[in-house]
**Q** 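My questions all concern the structure below.
Not measured: the values here are computed from a predicted model. The figures here come from the full heavy-atom set of this structure, side chains too, leaving out hydrogens, waters and symmetry mates.
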Amino acid sequence: MNPIINFILLSSMIAGTILTMTSHHWVSAWLGLELNTLAIIPIISKTHHPRATEASTKYFLIQAASSALVLRSGIINAHSHGSWDITQLSNNFTKIILTTALATKLGLAPVHFWLPEILQGVPILTALIIATWQKIAPMALLITIWDLIPTTITLMMGLTSTIIGGLGGLNQTQLRKMMAFSSIAHLGWMIVAITFAPNLTLLNLTLYIAFTSSTMMAMHFTMSKTLQNVMLIPSHSAITASLFLLSLLSLGGLPPLSGFSPKWLILQELTTHNLTPLAFTMAITALLSLMFYLRTTYISTMTLPPTTITLKNTWRYKPHSFTPAFPTLLLISLFLLPITPMMTQ
């Protein structure tokens, strides 16, 4: 793609997200979501591959339908109460429609079916944008109206997402689909915390973006797309293999890595609100996600593939250049656990 066109599309995507994050009017929030969607469609389909075309079509239809629901909820609320302010939701039907629309945009269960298929049909860097940046605008709207959305619906969607995200990733050999189900599971944790502590949701979203970015950047640098490719990561770089292992374990929430921090704080918040059964169930479902993370780390660092001439000479191939963002994101995703007590005050 032409660099100028690429810059325009990325700038439009960033502008759409910022517009939605700073909006208090229904139409401007909807406009930001639409700008965000229309900017990423050419990025998804730029490879001119049938799978990319299919992914861009699916993404457009899903996002357009959910944006229409967002606008419809605003119109109903304005017709009933004469206000276009996002924070002035007083109709239960409007709250349910809006929550469903934003859950569809995020990929929360039970409206998650589009996310694994779309991530599988695009390159890893495009999948990284869909799994991270595209979650910011809908999550910002949810955080804005956190005290208005129905608590029961959010708790059910969060628990369902953690279960489906854990079970769905167990039998995946494609790394992009595995990361899609990982995204669903992490979004479940965020949506559960949003009705009790929006600041924890914001912390979880920030750390999730860092975890996922560092992991998928390592996949991109080593050209790993399946579990079979993961075995070749040590032949590219032993340091990259070690950091990839730690990033996956941080995604799983193992101490003393940063990924343990949001899960710990959310479980503590749930028990504080006398939701111990829900906290216990979510802690158990986290083990499902940890299972496929551990399987991937085992294959990438503790197994040796058949030694061939191609494998021996892998290190001779010109590697992808490492960007300054990669070590920064690795530091965030591995060493932020000591700041956890600051979040509890």
**Q** Report the C-alpha separation of Lys105 and Gln63 in whole Å, then their side-chain angles, then the decisive distance to 0.1 Å, and conclude whether the side chain to side chain donor-acceptor pair (under 3.5 Å) test is met.
**A** CA-CA 6 Å; Lys105 278 190 167 294; Gln63 297 298 317; 2.8 Å; yes
**Q** Please determine whether side chain to side chain donor-acceptor pair (under 3.5 Å) holds for the pair Thr104 and Ser66, giving the CA-CA distance in whole Å, both sets of side-chain angles, and the decisive distance to 0.1 Å.
**A** CA-CA 6 Å; Thr104 305; Ser66 54; 5.9 Å; no
**Q** Please output the side-chain donor-acceptor pairs of residues 273-283 that fall under 3.5 Å, not counting sequence neighbours, one pair per line with the distance.
**A**
{"residue": "His273", "atom": "ND1", "partner": "Glu269", "partner atom": "O", "Å": "2.9"}
{"residue": "Thr281", "atom": "OG1", "partner": "Pro277", "partner atom": "O", "Å": "2.8"}

**Q** Measuring from Ile86:CD1 to Trp26:CH2, what's the distance to the nearest 0.5 Å?
**A** 6.0 Å
**Q** Of the non-hydrogen atoms in Ile97 and Leu69, which two are nearest, and what is the gap between them?
**A**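 Smallest interatomic distance, heavy atoms only, reads CG2-O, 3.5 Å.
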**Q** Under a 3.5 Å threshold, yes or no: a donor from one side chain and an acceptor from the other, between Asn229 and Thr226?
**A**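 Yes, because at least one side-chain N or O of Asn229 sits under 3.5 Å from a partner of the opposite role on Thr226.
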**Q** Can you tell if the side chain of Leu9 reaches within under 4.5 Å of the side chain of Ile5, non-hydrogen atoms only?
**A**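 Contact flag for Leu9/Ile5 side chains = yes.
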**Q** Does the Ser73 side chain pair with the main chain of Thr94, one donor and one acceptor, at a distance under 3.5 Å?
**A** no
**Q** Please list, chain by chain and in numerical order, all residues satisfying salt bridge (charged side-chain N to carboxylate O under 4.0 Å, His left out) with Lys95, sequence neighbours excluded.
**A**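 Lys95: no salt bridge (charged side-chain N to carboxylate O under 4.0 Å, His left out) contacts found.
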**Q** Are Val111 and Leu119 joined in one hydrophobic group, where the rule is that I, L, V, M, F, W and Y side chains link up if heavy atoms are under 4.5 Å apart?
**A** no
**Q** With the side chain counted from C-beta on, respond yes when Leu336 and Ser261 share a heavy-atom pair under 4.5 Å apart, and no when they do not.
**A** no
**Q** Are Leu207 and Leu254 connected in a single hydrophobic cluster, I mean Ile/Leu/Val/Met/Phe/Trp/Tyr linked by side-chain heavy atoms less than 4.5 Å apart?
**A**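 Result: yes, single cluster for both.
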**Q** Can you tell me how far CG of Leu243 sits from OG of Ser250, rounded to the nearest 0.5 angstrom?
**A** 12.0 Å
**Q** At what distance, to the nearest 0.5 angstrom, does OG of Ser333 lie from CG of Leu257?
**A**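 So the OG of Ser333 and the CG of Leu257 are separated by 8.5 Å.
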**Q** Quick check: does any side chain N or O of Ser56 sit under 3.5 Å from a backbone N or O of Ala52, one acting as donor and the other as acceptor?
**A**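 Pair found, side chain donor or acceptor close to backbone of Ala52.
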**Q** Tell me, do Ile76 and Phe93 make a side-chain contact under 4.5 Å, heavy atoms counted?
**A**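 They are in contact (side-chain heavy atoms under 4.5 Å apart), so the answer is yes.
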**Q** Quick one, Met179 with Leu251, criterion side-chain contact (heavy atoms from CB on, under 4.5 Å). Give me CA distance, side-chain angles, the key distance, then yes/no.
**A** CA-CA 10 Å; Met179 295 305 296; Leu251 269 175; 3.7 Å; yes
**Q** Decide side-chain contact (heavy atoms from CB on, under 4.5 Å) for Leu330 and Ser247; before the verdict, give the C-alpha distance in whole Å, the side-chain angles of both, and the deciding distance to 0.1 Å.
**A** CA-CA 7 Å; Leu330 277 172; Ser247 297; 3.2 Å; yes
**Q** More than 12 foreign heavy atoms under 6.0 Å from NE2 of His24: is that the case here?
**A**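 Incorrect, the count does not exceed 12.
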**Q** Quick one: do Val27 and Leu19 end up in the same hydrophobic cluster if we chain Ile, Leu, Val, Met, Phe, Trp and Tyr together by side-chain heavy atoms under 4.5 Å apart?
**A** yes
**Q** Between Leu288 and Leu290, is there a shared hydrophobic cluster once you connect ILVMFWY residues whose side-chain heavy atoms come closer than 4.5 Å?
**A** yes
**Q** Within a strict 4.5 Å, meaning less than it, do heavy atoms of the Phe292 and Gln172 side chains meet?
**A** no
**Q** Identify whether Leu10 and Met21 are in the same connected component of the hydrophobic contact network (ILVMFWY, side-chain heavy atoms under 4.5 Å).
**A** yes
**Q** So which heavy atom on Ala137 is nearest to which on Leu33, and how close?
**A**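 Where Ala137 meets Leu33 most closely, the heavy atoms are CB-CD2, 3.9 Å.
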**Q** Locate the shortest heavy-atom distance separating Ala193 from Leu200; write the atom from each residue and the value.
**A** CB-CB, 4.4 Å
**Q** Are side-chain heavy atoms of Leu248 and Phe211 found at a separation under 4.5 Å?
**A** no
**Q** Do you know the tightest heavy-atom contact between Ser183 and Tyr208?
**A**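 So the two residues come closest at OG-OH, 2.9 Å.
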**Q** Which pair of heavy atoms, one from Val122 and one from Ala55, lies closest together, and at what distance?
**A** CG1-CB, 4.0 Å
**Q** Does the pair Ile191 and Leu142 meet the rule for a side-chain contact (heavy atoms from CB on, under 4.5 Å), with working shown?
**A** CA-CA 9 Å; Ile191 200 69; Leu142 282 176; 3.6 Å; yes
**Q** Heavy-atom count around Gln228 CD within 6.0 Å, excluding the residue itself: above 12?
**A**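 Count not over threshold, so no.
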**Q** Rounded to the nearest 0.5 Å, how far does CD1 of Ile118 lie from OG1 of Thr126?
**A** 12.0 Å
**Q** Hey, which of Thr160, Ile153, Leu155 is the one that makes side chain to side chain contact (heavy atoms under 4.5 Å, CB included) with Met157?
**A** Ile153
**Q** Using modelled atom types only, decide if a donor and an acceptor are shared between the side chain of Thr212 and the backbone of Ile209 within a distance under 3.5 Å.
**A** no
**Q** Enter the distance from His220:NE2 to Ser213:OG here, rounded to the nearest 0.5 Å.
**A** 13.0 Å
**Q** Check whether any side-chain heavy atom of Leu187 lies under 4.5 Å from a side-chain heavy atom of Lys135, and answer yes or no.
**A** yes
**Q** Would you compute the distance between atom CG of Leu294 and atom CD1 of Ile299 and round it to the nearest 0.5 angstrom?
**A**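 Interatomic distance, Leu294 CG to Ile299 CD1, rounded to 0.5 Å: 11.0 Å.
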**Q** Which residue pairs satisfy the ring pair (Phe, Tyr, Trp, His ring centres under 6.0 Å) criterion with at least one member in residues 138-179, sequence neighbours excluded?
**A**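 The answer is none; no pair qualifies.
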**Q** So, the side chain of Thr201 versus the backbone of Met190: is there a donor-acceptor pair under 3.5 Å, distance only?
**A**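 A pair under 3.5 Å: yes.
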**Q** Assess whether atom CZ of Arg295 is packed by more than 12 heavy atoms of other residues, nucleotides or ligands within 6.0 Å.
**A**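 Above 12, so yes.
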**Q** May I ask you to test the Thr47-Thr53 pair for a side-chain heavy-atom distance under 4.5 Å?
**A** no
**Q** Does any N or O in the side chain of Lys177 come within less than 3.5 Å of the main-chain N or O of Gln120, such that one atom is a donor and the other an acceptor?
**A** no
**Q** Return all side-chain donor-acceptor pairs below 3.5 angstrom for residues 162-171, not counting sequence neighbours, or 'none' if the list is empty.
**A**
{"residue": "Thr162", "atom": "OG1", "partner": "Gly158", "partner atom": "O", "Å": "3.4"}
{"residue": "Thr162", "atom": "OG1", "partner": "Leu159", "partner atom": "O", "Å": "2.7"}

**Q** Of all heavy-atom pairs between Ala210 and Leu329, which one has the smallest distance, and what is that distance?
**A** CA-CD2, 3.9 Å
**Q** Walk me through it: do Leu71 and Ile75 pass the test side-chain contact (heavy atoms from CB on, under 4.5 Å)?
**A** CA-CA 6 Å; Leu71 189 59; Ile75 292 173; 4.2 Å; yes
**Q** Can you name the residues that form a salt bridge (charged side-chain N to carboxylate O under 4.0 Å, His left out) with Lys58, not counting sequence neighbours?
**A**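 Partners of Lys58 under the salt bridge (charged side-chain N to carboxylate O under 4.0 Å, His left out) test: Glu54.
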**Q** Is the shortest heavy-atom distance from the side chain of His186 to the side chain of Lys263 under 4.5 Å?
**A**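 Answer yes - side chains close enough.
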**Q** Kindly state each residue pair satisfying ring pair (Phe, Tyr, Trp, His ring centres under 6.0 Å) with at least one member in residues 29-79, sequence neighbours excluded.
**A**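 Sorted pair list: Tyr59-Trp114.
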